Every structure is written in C-alpha cells, then in structure tokens.
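To start, the structure itself, in structure tokens.
Keep in mind that what you see is a predicted model, and the values were worked out from it rather than measured. Side chains are part of it too, since the values below use all heavy atoms of this structure and drop only hydrogens, waters and symmetry mates.
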There are 2 protein chains.
Amino acid sequence: MRAATPESRRSSPAAVSAAEELIRATGARVTQGRILVLEVLQAAGRALTHHEIEAAVTGPLDRVTVYRVLDWLTRQQIAHKIPGDDRVWRFTIAGQKQAHHHAHFQCTDCSQVICLDDVPTTLRPRLPAGYRSAGVEVTVKGQCKACVRPAPRRVRR
Amino acid sequence: MRAATPESRRSSPAAVSAAEELIRATGARVTQGRILVLEVLQAAGRALTHHEIEAAVTGPLDRVTVYRVLDWLTRQQIAHKIPGDDRVWRFTIAGQKQAHHHAHFQCTDCSQVICLDDVPTTLRPRLPAGYRSAGVEVTVKGQCKACVRPAPRRVRR
DNA sequence: ACATCTTATGCAATCTTGTTGCGTTTGTTC
DNA sequence: GAACAAACGCAACAAGATTGCATAAGATGT
C-alpha cells in the first residue's frame, strides 16, 4: 500500500473524494484498495480490464486484492462487470441511469469496451414462457476510432 | 476409406445427416469430429459450452479436437460463439436469418444461453465520431424457466 | 490514545478454460 | 491402393481468476 503520510490520509481538506464518499455510503470499510481502484474506474472513460486497473493504481496493490475489490464493487453495484470477446472481464462505474438498460460498444480488433449512454432501448424481446427478464444489454460490435483508420492496434489487454 | 456403409461408420442409421451435408458443402474434410460436434449442436435447442458438447458427443473425442472443431465451425460461420457471464464460450448453430441481428437470453443464475429469434432490432445506437459499427448484439438478462421457480439451480456449467 | 474485534489484504498455491507443438492417423485425390 | 495434406491425440503450456490462511489495517468502545 501507499506511503501515506499523515497529511495525505486524514487532514487533506480539499477532497474526501467522491470515491471515498461512495464507499462509505455502503457501510463497509473504507480501505485504501477500494478508494484507489474506484478512483481509477471513475477517471477512466471506458471499461478497464483487471490489468489496466492494476497498472493504473498508484501504489502497489496486490493482484488478488484488486480482484476482490472489483468483485466487491460489482456486488455493491458500484461497478459493472462486462464479459469481453477476449475472455477478460472489464469493469466500469455503474451510473444510476444505466441500472436497467445499458449499451456497450466493443471493438472487434482491440476488444476495448466503452459505454454508450443514449440508448433508445424501449426494446422488449419476447421471452419463452416461464422466463423472467431483468434487463436488456445492447452491445455494438465494430471498430473503435483507433482501430478503424490505420493498421489495427491489437491491444487486447 | 471408400463410400462407407452406414454401419461401418457410426451407429446412427439416419443416413447422411444434415450435419455431414453442411460440412461437405464447405469443401473441407468431412471428419468424425466435425460431424459429431455439429450434430450435437444441431440437436441442442440452446447454446452449449465446450464441456456440454464434449459430454454429449457419443464416442471419445479429444478435448483439444472439440476446441478445434468448434473454432473451425465458427470460422465457417456454421456455429456462433457467445461469450458468457461465466467466462465460458457457448456455441450455437448459426441459422442464416440470424446472421446480422441476433438476440440471446442469458440466465443470471445458471448462465445458460438460448437464442431469441424474433428480435425487433431496428435499433441503431449512436456511436462516437470515428467509430464504425459492424452489428448489434442484444442480450436479455434474467432467469430461465428452471431457475425462476424453485431455489435457483446454480448449474453454471 | 489504546485495546479489541472484525474485515480486508498479501502471498502462495490451485483451478479452469483455452492454446500450442509435434508426431501419428485419417480423408481425399489420383 | 499410394501419396499427400489436413485433422487428430497427447502432453505441455499459458493466462485469468479463485481459494486458504496468516497478517495487517479499519472501525468501535473506553
């Protein structure tokens, strides 16, 4: 975990970050790991993989801890867990408006995922008898800005 | 091996199966593995995991071969590869009408996937500038018939 | 500020899914 | 039936994610 001079942790007046606020609101412990990971997610404008998150976190944070924090964030419905075409989880902060209907774009070249906010999803596919719908997810497949022009980047993770 | 009497190849008396036909039409080799796997997929009314397919195939067929056959079927666009919420690929036969717009239902309890045919997908979410759409996938999340009623089954695979 | 209790963390080991390399077998063609 | 390429089986490997357990750190009461 991070160096954490006394000032950096408690007396910093500027911002009890939005992340910290959100975590505290759950009633669970406000830990460094949770704050750091959540701040990374909030700063990113797109879905991040576990790797990207681990790399973006400022201090060293154990791989497993990142997994556990992400799992916790997902259970708290603060984050959203997206299965990708490369078999890798990606995570985004889950805005409240996105609770039920949610659209993603996934690049077929680099597998990046971004969230699409303005979804015209008044869409209700009919399910077989006995099935219960809990929401609809729309995923647009295609090429992202970076991959559409030149030779594809092939980032993958 | 010459034109093979029915019994000499398999116990299935159902003549030259639709599966065999389909494979032959691609111009590639018509092998036991391909026939068996494709028949399993055609018989199933839903998306199957690698495990399910391997278990359903009558004779012993190597794990890796099943993977390779599935990969080949996907490349031939005979099968369709679906990423699930449990990090496991699922495969279905790809009907021709499903080519571009295709909806799935995925159970949040047991992760089973079924195909929904009648999708009213006249839906075109707006993408950021520079992005290129190649198709839209709609996934309905919820509980399947088996999981909606009693205590959820939690099958997972 | 300190003791205490609980929960989260770090580390190592493990599991699961899927892939690769390579020698052998099997379809297909002639 | 021979010859050749394409599939197959086996073993090893790889990557992502999970689990068990001892230790550290947040929260709470005094």
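- In this structure, the CD atom of A:Gln32 is 15 Å from the C1' atom of C:dG10, given to the nearest Å.
- Of the listed nucleotides (C:dT9, D:dA27, C:dG18), C:dT9 has the atom at the smallest distance from the side chain of A:Val69.
- Distance B:Leu36 CG to C:dG27 P: 11 Å, rounded to the nearest Å.
- Across the protein-nucleic acid pair, A:Ile53 atom CD1 and D:dG16 atom C1' stand 14 Å apart, rounded to whole Å.
- Look at CD1 on A:Ile82: it is 17 Å from P on D:dG16, rounded to the nearest Å.
- With distances taken from any side-chain atom of B:Val64 to the nucleotides D:dA11, D:dG16, C:dC11, the minimum falls on D:dA11.
- Phosphate proximity of C:dT19 to B:Tyr67: absent, as no side-chain N or O sits under 4.0 Å from OP1 or OP2.
- At the phosphate of C:dT26, neither OP1 nor OP2 sits under 4.0 Å from any side-chain N or O atom of B:Thr31.
- Along DNA chain C, the nucleotide nearest to B:Arg29 and the one nearest to A:Ala28 differ in position, and the one closer to the 5' end is contacted by A:Ala28.
- To the nearest angstrom, P of C:dT9 lies 10 Å from CD1 of A:Ile35.
- From B:Gln32, atom CD reaches atom CD of B:Glu20 across 8.0 Å, with rounding to the nearest 0.5 Å.
- In this entry the distance linking CD1 of A:Ile23 with P of C:dA8 reads 12 Å, nearest Å.
- Note that CD1 of A:Ile78 and CG of A:Leu22 are 5.0 Å apart. Values are rounded to the nearest 0.5 Å.
- Between the C1' atom of D:dG16 and the CG atom of A:Leu70 lies a distance of 13 Å, rounded to the nearest Å.
- Regarding contacts with the backbone of C:dT17, every side-chain N or O of B:His50 stays at 4.0 angstrom or more from both OP1 and OP2.
- By the salt bridge (Lys or Arg N to Asp or Glu O under 4.0 Å) test, A:Arg63 is found to be paired with no residue, residues two or more places apart in sequence or in another chain being considered.
- B:Phe91 pairs by the ring-ring contact (aromatic ring centres under 6.0 Å, His included) definition with nothing, not counting sequence neighbours.
- Using a 4.0 Å heavy-atom distance criterion, A:Trp89 is classed as a sugar-phosphate-only contact.
- Regarding B:Trp72, its CH2 atom lies at a distance of 20 Å from the P atom of D:dA5, rounded to whole Å.
- At a threshold of 4.0 angstrom between heavy atoms, the contacts of A:Arg63 include nucleobase atoms, whether or not backbone atoms are also involved.
- Distance check, rounded to the nearest 0.5 Å: CG of A:Leu70 to CD of A:Glu54 gives 10.0 Å.
- Between D:dA7, D:dC10, C:dG10, one nucleotide has an atom nearer to the side chain of A:Thr65 than all others, and that is C:dG10.
- When distances run from any side-chain atom of B:Arg34 to the nucleotides C:dG10, D:dA7, C:dG18, the shortest one goes to D:dA7.
- With DNA chain C read from its 5' end, the first of the two nearest nucleotides for B:Arg68 and B:Arg87 is the one closest to B:Arg87.
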